[in-house]
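What follows is a single structure, written as structure tokens, with notes after it.
Counting convention: from 1, in listed order, for ligands and their atoms alike. In what follows, every heavy atom counts, from backbone to side chain, and hydrogens, waters and symmetry copies are set aside. Keep in mind it's a predicted model, so treat the numbers as computed, not measured.
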Amino acid sequence: MKLRLLILCLLAPLAAAAQPAPRSVAAAPGRFVFSASTTLVADRALLPLADYAARYLGCGVDTDRAGDGAVALLLDTLAVASAEGYRLDVVPDRIVVRAATAGGVFNGLQQLFRLLPPEVYAGRGVAPGTGVACCRIDDAPRFAYRGMMLDLARTWIDEAALLRYIDLLAFHNINKLHLHLSDDEGWRIEIRSHPELAAVGGFRGGDSPVRPVYGKWGEKYGGYFTQEQMRRIIDYAALRNIEIIPEIDLPGHSRCIASVRPEIRCPYPPDTVSTNGYDYRSAWCVAREENYALLDDILGELCALFPSEYIHVGGDEVETSQWERCPDCRALMRRRGLADAHGLEDLFMERVAAILARHGKRPAVWNEAVKTGRIDRSTRVYGWQSVAACLDAASKGYPTVVMPGESFYFDMRQSPYEDGHDWAAIFDAQKTFAFDPAAKGFTPELLGRVVGLAGAFFSEAYISHEPEKPDYLDYMTFPRICALARIAWSGNAEGWEAYRRELIERHYPRMEAMGIRFRLFPPRMEVRDGAMHLSVDDGSELWQVEDGGEAERYRGPVDAMRSPSLRFFSRRGGARSPYVTGKAYHRTVAPEVTITTSMGESRRFPYANAERYRGLSRTARACRRGDWVLYEFASPVRCRELFLQTGNRQLPKTIVTTGRVEVSYDGRTFRPAGELEQGSVTLRPDRPVRAVRIVSTCDDNGTPYVTIQPPRIRPAL
Ligand code: ACM
Ligand code: ZN
């Protein structure tokens, strides 16, 4: 993401003042010109990297170090001291990338790619005759840890998709990939001594004991990596200067392994009445000694498989009430004189840390695990809950990865009406770019404990977005990853507007060549004289779409009053913007409605909530075939759209999984109006509606109840 270097090379006298200086950039006269005979030469240890580079540059690798017009990759600890820094020299007859390590050479190589036409990323090579302005660039990253976390547990991402993603991260000088390999809903790594963990726990739904809390219910689906596959992935990433840090989330978020190995839970009778027959306990029993033998097996294999110094062992969101109900955990607390369940949490983590130490590794944990500050300072903390949590960890002396959800959780939605979560914040790349540790309270001393910055993509909402296609992952994470990569490498002193222009003009073409279906910023809308005027400044095409219709090209200003159901968006190759609409688009009405069902009513979440358009309601039990939900309006409702939702569309659980929808215009006779999709249906009635009925066509929605949301009704024009 260091495009400014190119500008500096070309326009050094002009740009040097306006652009933040990399460590050192010097333009020089002349150009290096690629020719058909340009070859790559490299130090012996860098030959695999030369092969990597050759695929993008379209050059041959010359192992005899002969040939003219060479691009050279060299290890040179005299010229470059820092571990990941590099020197890139472009002179008329050579391009030389020097660094003290292969990682530094990789970083320099990525900088070279950025000096070249974007097509290099498409693997089509550099056309003979392509010139690069001569320059010397000395550079080094701001942070040693420039990371991304991917949750493979909630949504399975296969090897090909993961390798593609590693390439994308590598192009951005991201050097750590934290893989969230286990959670309540999945176990994604083969453990040879306990093959059932992955062979059973990698798949949910159908006859699996693992409940399909998110996504599909009727079929068994999922996957896991064998150790052999994972070793390939580790090597693939390592060549690209990316270290993979595995996470097994302990002692909470463990419902999946507890479904496969129920004995790891606290030994008290499961309360399955309220959970449709399934045990929702999700924590390892701290007092069960055999658990540490099992953990030794699991972690021992991970320590042998992954070369990383740290193994992430979770520690987030532990549901400690399970320990408080457990006779053995309570007895352990008494024996050890522990005041509360946090003491048990510390004890568990100390045991896990000792296991890791025996296998030559250090623990990494989420920030909750250092709440008491009792666990060892050699633990690396990942601060996710807030900036305050990151400050707290660093203040206690822990090396800290800063990734507060409000700026770095890329599963958060990017504007209010887009898909994604909103619990941490609604933000786009601008907020990520703006993150400034100094302004957030990190003193120089605390900053010294910040090992770096990381983004995260938790994937519970991914499952409802055609996980077989990368569109949603790309859309949610790019260009937020670009902003993360930029600030983690060199900060944000240039300011947002300068960065945004650079992103659009220089980096959009690269991301297109990389095949990323990234998110464009929303088109600009101005309302003048009652008309909506749309414009873009990013080279994209404007489109408009009427609800229920086909998208067509935007032809000019649109009458705002007459077109409340029109949405606008822009496209550029595979990239697209979110929709923008006039104010009227999101206006809804709340006619008097009565909701009844065949499934009883939750006392805590009565139907009155949804009837008053205040919040969600719940049934008293799960749905079975033939169960129904009836919405009856006090008087006929004229509307252009009626959206009925069970569960939560973003997080598809507690829904009526499959069902038919019937509408009544007279309050007596019902006629078919559609099918549920992800528990929801959108109706566009051409007459005033008296009632709508959802009839379940599934048995068991996998959870203990059905959630009923207030209807969302857009008024007729
Ligand atoms: C987390 O988001 N629970 C680490
Ligand atoms: Zn217990």
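Figure legend: cation-pi geometry between R380 and Y382 absent, as NZ or CZ is not positioned both under 6.0 Å from the six-membered ring centre and within 45° of its axis. Judged by a 6.0 Å distance limit and a 45° cone about the ring axis, R480 is positioned over the six-membered ring of F427. A cation-pi arrangement is absent between R232 and F225 under the rule of less than 6.0 angstrom and at most 45 degrees off the ring axis.
Looking at ligand 1, you'll find an N or O of E317 within less than 3.5 Å of one of its N or O atoms.
At a heavy-atom cutoff of 4.0 Å, ligand 1 is contacted by the side chain of F458 but not by its backbone.
Centred on the Zn ion (ligand 2), the SG atom of C285 and the SG atom of C266 lie at an angle of 110°, reported to 10°. At the Zn ion (ligand 2), the vertex angle linking SG of C326 with SG of C329 is 110° (nearest 10 degrees).
For the residue pair H194 / E301, no side-chain donor-acceptor distance below 3.5 Å is found, with atom types taken as modelled. Under 3.5 Å, the side chains of Q385 and W366 contain no donor-acceptor pair of N or O atoms.
In the vicinity of W366, heavy-atom distances shorter than 4.0 Å reach the ligand 1 atoms 4 (C).
The closest approach between any non-hydrogen atom of Y409 and ligand 1 is below 4.0 Å.
In terms of protein heavy-atom proximity, atom 3 (N) of ligand 1 is closest to D316 OD2, 2.6 Å.
Around atom CZ of R192, more than 12 heavy atoms belonging to other residues, nucleotides or ligands sit under 6.0 Å away.
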